[in-house]
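The structure appears below as structure tokens.
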There are 2 protein chains.
Amino acid sequence: MGDDDRSTDGRKARGHKRRTEIIDATLAVVQRDGAAGVTHRTVAKEAGIPVSLSTYYFATLDDLLVAALTSVTEAYTARIRHIIDNRDDKLRGLAELIAESAGTGRERALAERELSTLAARRPALRPIARRWREHVAELAQRCTDSPDAVTAVVAASDGLCAAILIDNAPGDPGYVHAVLRQALGVQPEATRQ
Amino acid sequence: MGDDDRSTDGRKARGHKRRTEIIDATLAVVQRDGAAGVTHRTVAKEAGIPVSLSTYYFATLDDLLVAALTSVTEAYTARIRHIIDNRDDKLRGLAELIAESAGTGRERALAERELSTLAARRPALRPIARRWREHVAELAQRCTDSPDAVTAVVAASDGLCAAILIDNAPGDPGYVHAVLRQALGVQPEATRQ
DNA sequence: TATGTATTTGTACGATAGTACTAGTTGTAC
DNA sequence: GTACAACTAGTACTATCGTACAAATACATA
């Protein structure tokens, strides 16, 4: 009756943990070498496990990429949902989240974009990639009644991310916030929360 | 003194033509199978030429992808420039260009996005990918004096493209135009050309 | 403790990749 | 026409890929 992880977790829990480790290793590879660099071997090396263990949890490479994209998207949508539920100045929260992409999470954001591009070509992945967009839309709906404004905010959010990544611009939350407000159509002196 | 293409073109011109053919074949492969499907062999097969001919014009696979991205981006920026120079209702022209992505050019637009994502990871390609963004900005500057509005339009343009591609939405020029106007911050009854 | 299942590992096979190499062909300039 | 350079083509080498497979180990449960 040891008290280390192995004994207390149970097989099912440990299996789930391994799965998560492999997904994390996959994301690390995507961050470092891009989606094209993802192979069972590179992932296994990153995770410090034999190749056959990677194929044990993800029979095909496609399964692995799907799982990685799902994981990334769920994490992102969770953050947006948190802003929607707990934040008064939602647009500001969104701006900070976007700006953060340029800071510590730049490579991470790049990986997300790469995986989302991958999703455009795989119908099975489209619903997943679409989800974060729906969450941003829901956030925007709390700030305006205009459908066009909602669409503009969603599109601008995506475009701002891309701009920050490609232009390698500094992710200034204030600047991003100003642009989002512009897309929202609010007057600077009369911002709706 | 023949009058067929081979004789009149000269060696240099024919070489350039071959180069273009290979680039087009590359874009066709990207459209069909994505950037990951681009290999010297698939491109050569698509172009109907032996593999070694592809490597003759593009020593490495990277050279080929760089050339393909450059070609795509130049074509796109040329169209934007045409709108800037010859169109009165510039925002409308931009909207139509974006909406067109969902119609006949959907696969094409998808290829462009894929290649642009590729560019985010290769510093050498960033200036090229950035160029179309600068052109859109220039277009927007003809419609407003607000820097934030310009940024919003550029970001929204990119985001709208992505939305159309991923959500597979219908590319309605009127709708796109409305959203762009929203980003621009003009009132529906007082559109500044 | 015994057993069955989940997990882990090492190894191997066929396919395909990038790219180098050599030889043949074509067009141009003298 | 002759020589030179550009172009075209076939082939082969090495590396790495996805994936399959069998054996070994660990662990929960009876």
Side-chain angles (χ1 to χ4, degrees), chain A residues 1-26 28-30 32-69 118 121-122 124, chain B residues 1-26 28-30 32-68 118 121-122:
Chain A
M1 55 173 66
D3 51 353
D4 61 315
D5 293 343
R6 295 185 114 73
S7 303
T8 54
D9 278 358
R11 282 198 290 203
K12 201 161 193 175
R14 266 184 50 225
H16 186 268
K17 192 174 175 182
R18 264 275 191 260
R19 217 183 118 91
T20 304
E21 285 175 11
I22 296 175
I23 288 177
D24 288 342
T26 304
V29 172
V30 174
R32 181 162 29 85
D33 304 322
V38 174
T39 74
H40 272 138
R41 285 177 172 81
T42 55
V43 168
K45 189 170 192 174
E46 177 73 29
I49 56 175
V51 182
S52 42
L53 193 52
S54 174
T55 65
Y56 173 74
Y57 282 96
F58 302 96
T60 84
L61 201 60
D62 218 67
D63 293 338
L64 184 54
L65 286 171
V66 168
L69 175 62
L118 202 86
R121 208 168 284 281
R122 310 188 186 218
Chain B
M1 55 177 70
D3 50 354
D4 61 318
D5 293 344
R6 296 186 111 74
S7 302
T8 53
D9 280 356
R11 282 199 289 204
K12 201 162 193 174
R14 265 183 51 225
H16 185 268
K17 192 175 175 182
R18 264 276 190 258
R19 217 183 117 92
T20 304
E21 286 174 10
I22 296 174
I23 288 177
D24 288 343
T26 304
V29 172
V30 175
R32 181 163 30 83
D33 304 322
V38 173
T39 74
H40 272 137
R41 285 176 170 83
T42 56
V43 168
K45 190 170 192 175
E46 176 73 28
I49 57 174
V51 182
S52 45
L53 193 52
S54 174
T55 65
Y56 174 75
Y57 283 95
F58 303 95
T60 84
L61 202 60
D62 217 67
D63 293 337
L64 184 55
L65 285 171
V66 168
L118 202 86
R121 205 169 286 280
R122 312 189 186 220

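Sequence lines set the chain letters: A, B, ... in the order given, protein chains first and strands last, and positions in each chain run from 1. Keep in mind that this is a model prediction, so the values were computed, not measured.
The side chain of A/L53 lies closest to C/dT9 when the candidates are C/dG18, C/dT9, D/dT19. Taking only side-chain atoms of A/P50, from C-beta outward, the nucleotide of D/dT19, C/dG10, C/dA17 with the closest atom is C/dG10.
Side-chain N/O atoms of B/S52 and base N/O atoms of D/dA9 include a donor-acceptor pair closer than 3.5 Å. For B/R14 and C/dG27, a side-chain-to-base donor-acceptor distance below 3.5 Å is absent, hydrogens and geometry of angles not being considered.
A/K45 has its NZ atom 9 Å from the P atom of D/dT16, to the nearest Å. Rounded to whole Å, atom C1' of C/dT26 lies 12 Å from atom CZ of B/R18. The distance between atom NE2 of A/H16 and atom C1' of C/dA6, rounded to the nearest whole Å, is 16 Å. Taking atom NZ of B/K17 as the reference point, atom C1' of C/dG27 lies 15 Å away to the nearest angstrom. In this structure, the CZ atom of A/R41 is 14 Å from the P atom of C/dG10, given to the nearest Å. One atom, NE2 of A/H40, and another, P of C/dG10, lie 17 Å apart when rounded to the nearest Å. Rounding to whole angstrom units, OH of residue B/Y56 and C1' of D/dA9 are separated by 13 Å.
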Please output the side-chain donor-acceptor pairs of residues 43-57 of chain B that fall under 3.5 Å, not counting sequence neighbours, one pair per line with the distance.
from, atom 1, to, atom 2, distance (Å)
B/E46, OE1, B/R32, NH2, 2.5
B/T55, OG1, B/S52, O, 2.9

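A/F58 comes within contact range of no nucleotide atom at all, as no heavy-atom separation falls under 4.0 Å. B/L61 comes within 4.0 angstrom of the backbone, heavy atoms only, and of no base. As judged by a 4.0 angstrom heavy-atom cut-off over every strand, A/T39 is placed among residues touching the sugar-phosphate backbone only.
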